[in-house]
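Working notes, structure below.
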Amino acid sequence: MRSSFIRKSLVSKIVWMYIFSGVFVLCTALLGLLISSVHYPIPVIIDVLSSKLFGFTIFGEEIQKTVVTIIWEIRFPRVLLALFVGAALSLAGAAFQGLLRNPLADPYTIGVSSGASLGAVSVLYFQISISFLGNYTLPVIAILSGLFTMLIVFAVTHFSNRKLSIETIILAGIIVSSFIGAVISLVISLSSHEDTRQILYWLMGNIGMRGWSHVKLIVPFFIIGAFLLIVRSRELNAFALGEESAEHIGVNVQRGKIYILIGASLLTGAAVSVSGSIGFVGLVIPHFIRLLIGPNHRHVLPLSMLAGGGYLILADLIARTIIAPSELPIGVITALIGAPIFALLLIRERFGRG
């Protein structure tokens, strides 16, 4: 009786978490569309979106062309981009924490973010422009650089330990990230004042001045990466028991690790390529979700995705309104919010164990 009651209570809690996360995303998205230097009524916003998405208006509001441009071409893609970037970083963070069995792991652990950042910085510094890519040059090179960095980490891990042990992956990631960080610092020191400011602003994380092209770029990588991770939730649950125990219950450990690392790296590389380096999203959100519902990745992954998307929309809203009409880099906001919260979560967990 008692176990049945506990099971029903947990199921009810998880259902409410899904509902709350969905409502949180919708509310933050609406706030992101509503709050700015120019305010428009909610019926106007809904009519613009419904006319563009479905071809008809709900409230029958008379909408000016400039209003349509501001909401559909500027605000809506920015909200969507924040949603996808936050969801990608949180989902990747949840996967890395589960795979590495370490609550301090995040999407930057194995150097993918550093590699993507180096690719973007190289484009900005050398003014690289590939004719058939056009405006997609920076994001595409950033994604390819992130994936190439992941391959370097795999190669270093393979040559030092053919079993791709978790400890070796972490160590290889730290080594590669440190080297790439030194290269980025060298590029910044050689840049002109204007280029340095542009590079540093990008490295701090920013989704301003982005449009539908960036949304279309991240979506396919997001779908592929999210699919690779969500279908591997069973393997992530097994990894919590240790690699030997996972093998004993029929999990192909090596193949599972490769798929999880590829999926998480795709998400991280795509997010960094369109927004720069945004920290603490993939660190705090999955850890918080685990504290609320437990370690089952069947629910941790999708809930982290929803909560991370809503969280980054809210962080972007703060970044562009707190010192309006100027904007703060969104990475600054996530660090200022995320670092104290994560410290409190760690202290709370430590006292709980005590």
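Note that the coordinates shown come from a computational prediction; the quantities given were computed from them, not determined experimentally. Computed over heavy atoms, backbone and side chain alike; hydrogens, waters and symmetry mates excluded.
- The OG1 atom of Thr268 lies 12.0 Å from the CD1 atom of Ile278; values are rounded to the nearest 0.5 Å.
- Ile223 has its side chain out of reach of Pro220: every pair of non-hydrogen atoms, C-beta onward, lies at least 4.5 Å apart.
- Under the side-chain contact (heavy atoms from CB on, under 4.5 Å) criterion, Leu151 pairs with no residue at all, not counting sequence neighbours.
- Side-chain contact between Leu100 and Phe239 is absent, with no heavy-atom pair separated by less than 4.5 Å.
- Listed by first and then second residue, the side-chain hydrogen bond (donor to acceptor under 3.5 Å, both in side chains) pairs involving residues 15-35 are Tyr18-His299 (not counting sequence neighbours).
- Closest non-hydrogen pair, Val68 versus Ile63, comes out as CG2-CG2, 3.4 Å.
- Linking Ile, Leu, Val, Met, Phe, Trp and Tyr residues whenever their side-chain heavy atoms come within less than 4.5 Å places Leu53 and Leu80 in a single cluster.
- Counting non-hydrogen atoms of other residues, nucleotides and ligands closer than 6.0 Å to CZ of Phe288 gives a total of 12 or fewer.
- Shown here is Leu336, whose CG atom has more than 12 heavy atoms of other residues, nucleotides or ligands within 6.0 Å.
- Scanning all heavy atoms of the two residues, the minimum distance from His297 to Gly98 falls at NE2-CA, 3.5 Å.
- Remark: Arg78 engages Asp316, Glu327 in a salt bridge (Lys or Arg N to Asp or Glu O under 4.0 Å) (not counting sequence neighbours).
- From Ile262, atom CD1 reaches atom CD1 of Ile224 across 11.5 Å, with rounding to the nearest 0.5 Å.
- Under the side-chain contact (heavy atoms from CB on, under 4.5 Å) criterion, Ser90 pairs with Val281, Ile285, Ser304, sequence neighbours left out.
- Residues Val274 and Ile207 have side chains not in contact (no heavy-atom distance under 4.5 Å, counting atoms from C-beta outward).
- Expressed to the nearest 0.5 Å, how far CD1 of Ile258 lies from CE of Met150 amounts to 9.5 Å.
- Under the 30°/60° scheme for interplanar angles, the aromatic rings of Trp212 and Phe76 are found to stand perpendicular.
- Considering only heavy atoms from C-beta on, Ile74 stays 4.5 Å or farther from Trp72 through its side chain.
- When atom types are taken as modelled, the side chain of Ser265 and the backbone of Leu147 share no donor-acceptor pair closer than 3.5 angstrom.
- Legend: salt bridge (charged side-chain N to carboxylate O under 4.0 Å, His left out) pairs involving residues 142-159, not counting sequence neighbours: none detected.
- Between Asn237 and Pro295, the closest heavy-atom pair is OD1-O, 3.5 Å.
- Scored by the side-chain contact (heavy atoms from CB on, under 4.5 Å) test, Ile35 finds Leu31, His39, Leu317, Thr321 as partners (sequence neighbours excluded).
- A continuous path of hydrophobic side-chain contacts links Leu186 to Leu203 [ILVMFWY only; heavy atoms under 4.5 Å].
- Note on Leu261 and Ile174: same hydrophobic cluster, where clusters join Ile, Leu, Val, Met, Phe, Trp and Tyr whose side-chain heavy atoms are under 4.5 Å apart, directly or indirectly.
- Between Leu267 and Leu89 the shortest side-chain heavy-atom distance does not fall below 4.5 Å.
- From Tyr311, atom OH reaches atom CD1 of Ile333 across 9.0 Å, with rounding to the nearest 0.5 Å.
- Put simply, the side chain of Arg75 never gets that close to the backbone of Thr69: no donor and acceptor are under 3.5 Å apart.
- Residue Leu83 holds its CG atom at 8.5 Å from CG of Leu306, rounded to the nearest 0.5 Å.
- Grouping Ile, Leu, Val, Met, Phe, Trp and Tyr by side-chain contacts under 4.5 Å, direct or through others, puts Ile175 with Leu171.
- Applying the side-chain contact (heavy atoms from CB on, under 4.5 Å) test to Ala238 and every residue at least two apart in sequence or in another chain returns Ala246, Ile249, Val251.
- Under the side-chain hydrogen bond (donor to acceptor under 3.5 Å, both in side chains) criterion, the residue pairs touching residues 218-232 are Arg232-Glu235, with sequence neighbours excluded.
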- Task: Just do the side-chain contact (heavy atoms from CB on, under 4.5 Å) check on Ile337 and Ile318 with the steps written out, would you?
- Result: CA-CA 11 Å; Ile337 296 174; Ile318 296 172; 4.2 Å; yes

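- In this structure the side chain of Met305 reaches within 4.5 angstrom of the side chain of Ile230, judged on heavy atoms.
- For the residue pair Ala315 and Thr334, the shortest heavy atom distance occurs at CB-CG2, 4.0 Å.
- Looking only at distances, a side-chain donor or acceptor of Lys13 sits under 3.5 Å from a matching main-chain atom of Leu292.
- With a 4.5 Å cut-off on side-chain heavy atoms, Leu34 and Tyr40 do not count as touching.
- Counting all heavy atoms, side chain and backbone alike, Ala271 lies closest to Ser275 at O-OG, 2.7 Å.
- At distances below 3.5 Å, not a single donor-acceptor pair connects side-chain atoms of Arg101 with backbone N or O atoms of Ala240.
- The side chain to side chain donor-acceptor pair (under 3.5 Å) search around Ser185 returns none, not counting sequence neighbours.
- Identified under the ring pair (Phe, Tyr, Trp, His ring centres under 6.0 Å) test for residues 213-236, with sequence neighbours left out: Phe84-Phe222.
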Can you give me every donor-acceptor pair (side chain of residues 111-123, partner residue at least two apart or in another chain, under 3.5 Å) with its distance?
from	atom 1	to	atom 2	distance (Å)
Ser117	OG	Ser113	O	2.9
Ser117	OG	Ser277	OG	3.0
Ser122	OG	Leu118	O	2.8

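- The distance from the CD1 atom of Ile260 to the CG atom of Leu236 is 4.0 Å, given to the nearest 0.5 Å.
- Side-chain atoms of Arg290 come within 3.5 Å of backbone atoms of Ala94 as a donor-acceptor pair (strictly under, hydrogens ignored).
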- Task: Decide yes or no on side-chain contact (heavy atoms from CB on, under 4.5 Å) for Ile141 and Ile130, but give the supporting numbers first.
- Result: CA-CA 10 Å; Ile141 289 181; Ile130 301 174; 4.1 Å; yes

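- Side chains of Asp47 and Ile58 form a contact here, defined as non-hydrogen atoms less than 4.5 Å apart.
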- Residue pair Ser192, Thr196: steps toward the side-chain contact (heavy atoms from CB on, under 4.5 Å) verdict: CA-CA 6 Å; Ser192 64; Thr196 299; 5.9 Å; no

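- Cluster membership for Ile330 and Met209, using ILVMFWY side-chain heavy atoms within less than 4.5 angstrom, is not shared.
- A donor-acceptor distance shorter than 3.5 angstrom exists from the side chain of Ser273 to the backbone of Ala270, with no hydrogens or angles considered.
- The cluster map of Ile, Leu, Val, Met, Phe, Trp and Tyr, joined by side-chain heavy atoms under 4.5 Å apart, puts Phe56 and Ile42 in the same cluster.
- Of all heavy-atom pairs between Tyr125 and Ser191, the closest is CD1-OG, 3.1 Å.
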